[in-house]
Amino acid sequence: LTMSQTRSLPASDIQFILEILPAIREGNAKVAAERQIVHNAWVKFIKTGKLSQEEEDQLSALSSKYNINSFQLDDAADHEALEAAFDDLLLHIDVIPEKLVLAQAIIESAWGKSRFAKDANNFFGVHCYNKGCGLTPSGATNAGFEVKKYNSPLSGVTDYIRILNTNNAYKELRELRLKARKKHQEPSAITLATGLTRYSQKGSEYIRIINSVIKNSIPSDLNAFLKEHQK
């Protein structure tokens, strides 16, 4: 949507974007900072062949957070093994294009109007499986899952990003992102959306829906959109 077209969005939709976009950007900024830690450590190791205990501890903690085999500097003697460990970290620790995050938030929360968005800060339909971990879906009390409850929109966005970065169902998304990085391109929302066929039972139809939302419901220039509506 161009700036003139965004004026045709309902006021409630504009307000939703204004409310959720800062959380999306903050969530991605946290991941970008973690990625920078990995990148800096790798550059240092290439130059010096050494890492401090603090750096190794940071890399081990990030490996654990992102469900990767624990990082071990014992691999230092085996340069290929160490390079593979860094590559694995950089594959998993990366941002999700904000238009893709926004499109899924719009779809999964009905522009923030769903019960789960309002009462649980859950904009992405994330499930949990321990009794009391979230809200029980209406009419599905025996579903075997609850819809996860978060204490803030930011924590909901952060967990969603973590899920896309760790869950095996979204391996294709991570590989498409890495492919773009290797070409020195910024991964696009449209390209990475094709790695989300397993996010919904709709499969490939879900990808079409995401693309339609990106093209028809999200401002093409989000910075200009914010500037326009935050006056």
Side-chain angles (χ1 to χ4, degrees), residues 1 5-31 95-170 173 189-190 192-219 222 225-226 229-230:
L1 294 179
Q5 288 172 318
T6 60
R7 295 191 183 96
S8 66
L9 283 175
S12 60
D13 292 358
I14 290 172
Q15 189 58 35
F16 176 67
I17 296 175
L18 293 175
E19 287 174 359
I20 197 71
L21 188 55
I24 293 170
R25 291 188 165 181
E26 190 173 345
N28 265 331
K30 287 182 176 183
V31 178
V95 298
I96 306 296
E98 62 187 21
K99 287 183 181 179
L100 180 55
V101 185
L102 187 52
Q104 284 205 272
I106 288 167
I107 294 163
E108 299 293 335
S109 76
W111 290 92
K113 297 181 182 76
S114 75
R115 170 186 163 225
F116 302 121
K118 290 177 178 177
D119 296 345
N121 290 305
N122 189 329
F123 300 92
F124 304 97
V126 175
H127 295 170
C128 56
Y129 300 91
N130 299 319
K131 192 164 180 62
C133 61
L135 304 182
T136 305
S138 301
T141 51
N142 297 318
F145 66 86
E146 296 178 12
V147 177
K148 195 168 182 179
K149 189 168 185 176
Y150 300 99
N151 58 21
S152 68
L154 176 60
S155 59
V157 169
T158 300
D159 195 40
Y160 152 85
I161 293 172
R162 181 194 62 78
I163 289 166
L164 292 196
N165 276 332
T166 58
N167 195 299
N168 197 49
Y170 314 118
L173 178 145
I190 295 288
L192 265 58
T194 60
L196 290 174
T197 50
R198 292 176 63 186
Y199 200 95
S200 164
Q201 292 178 337
K202 295 185 177 79
S204 56
E205 171 64 10
Y206 187 65
I207 309 310
R208 191 197 65 74
I209 294 167
I210 291 175
N211 289 341
S212 177
V213 168
I214 291 171
K215 290 173 182 174
N216 301 315
S217 300
I218 295 177
L222 284 167
F225 173 85
L226 286 176
H229 291 282
Q230 289 179 332

Practice problem: Could you tell me which residues satisfy ring pair (Phe, Tyr, Trp, His ring centres under 6.0 Å) with Tyr160, sequence neighbours excluded, listed by chain and number? | Solution: Phe124
Quiz item: Going by the salt bridge (Lys or Arg N to Asp or Glu O under 4.0 Å) test, which pairs reach into residues 207-219, not counting sequence neighbours?
Solution: Glu205-Arg208
Quiz item: Do any pairs count as a side-chain hydrogen bond (donor to acceptor under 3.5 Å, both in side chains) and have a residue in residues 119-128, sequence neighbours left out, and if so which ones?
Solution: none
Quiz item: What do you reckon, is NZ of Lys202 surrounded by more than 12 foreign heavy atoms closer than 6.0 Å?
Solution: no
Practice problem: Would you mind telling me which of Ile161, Val157, Ile163 makes a side chain to side chain contact (heavy atoms under 4.5 Å, CB included) with Asp159? | Solution: Ile163
Quiz item: In terms of heavy-atom contacts, does CZ of Arg162 have more than 12 from other residues, nucleotides or ligands at under 6.0 Å?
Solution: yes
Self-check item: Residue pair Asn28 / Ile96: nearest heavy atoms and the distance that separates them
Solution: ND2-O, 2.8 Å
Quiz prompt | Leu173 to Leu192 - nearest heavy-atom pair and separation | solution = CD1-O, 3.6 Å
Exercise. For the pair Val126 and Phe116, evaluate side-chain contact (heavy atoms from CB on, under 4.5 Å) and give the outcome as yes or no after the intermediate values.
Key: CA-CA 10 Å; Val126 175; Phe116 302 121; over 6 Å; no
Practice problem: Please list, chain by chain and in numerical order, all residues satisfying side-chain contact (heavy atoms from CB on, under 4.5 Å) with Ala117, sequence neighbours excluded. | Solution: Ser109, Ser114, Phe123
Quiz item: Shortest non-hydrogen contact from Ala193 to Asn211?
Solution: CB-OD1, 3.9 Å
Quiz prompt | Heavy-atom pair with the smallest gap, counting every atom of Phe225 and Pro219 | solution = CD1-CG, 3.3 Å
Practice problem: Under the side-chain hydrogen bond (donor to acceptor under 3.5 Å, both in side chains) rule, collect the residues that match up with Tyr206, sequence neighbours excluded. | Solution: Gln104, Glu108
Quiz item: side-chain contact (heavy atoms from CB on, under 4.5 Å) between Leu222 and Arg25: does it pass, once the steps are laid out?
Solution: CA-CA 11 Å; Leu222 284 167; Arg25 291 188 165 181; 3.8 Å; yes
Quiz item: What residues form a side-chain contact (heavy atoms from CB on, under 4.5 Å) with Glu146, not counting sequence neighbours?
Solution: Cys128, Lys131, Cys133, Thr136
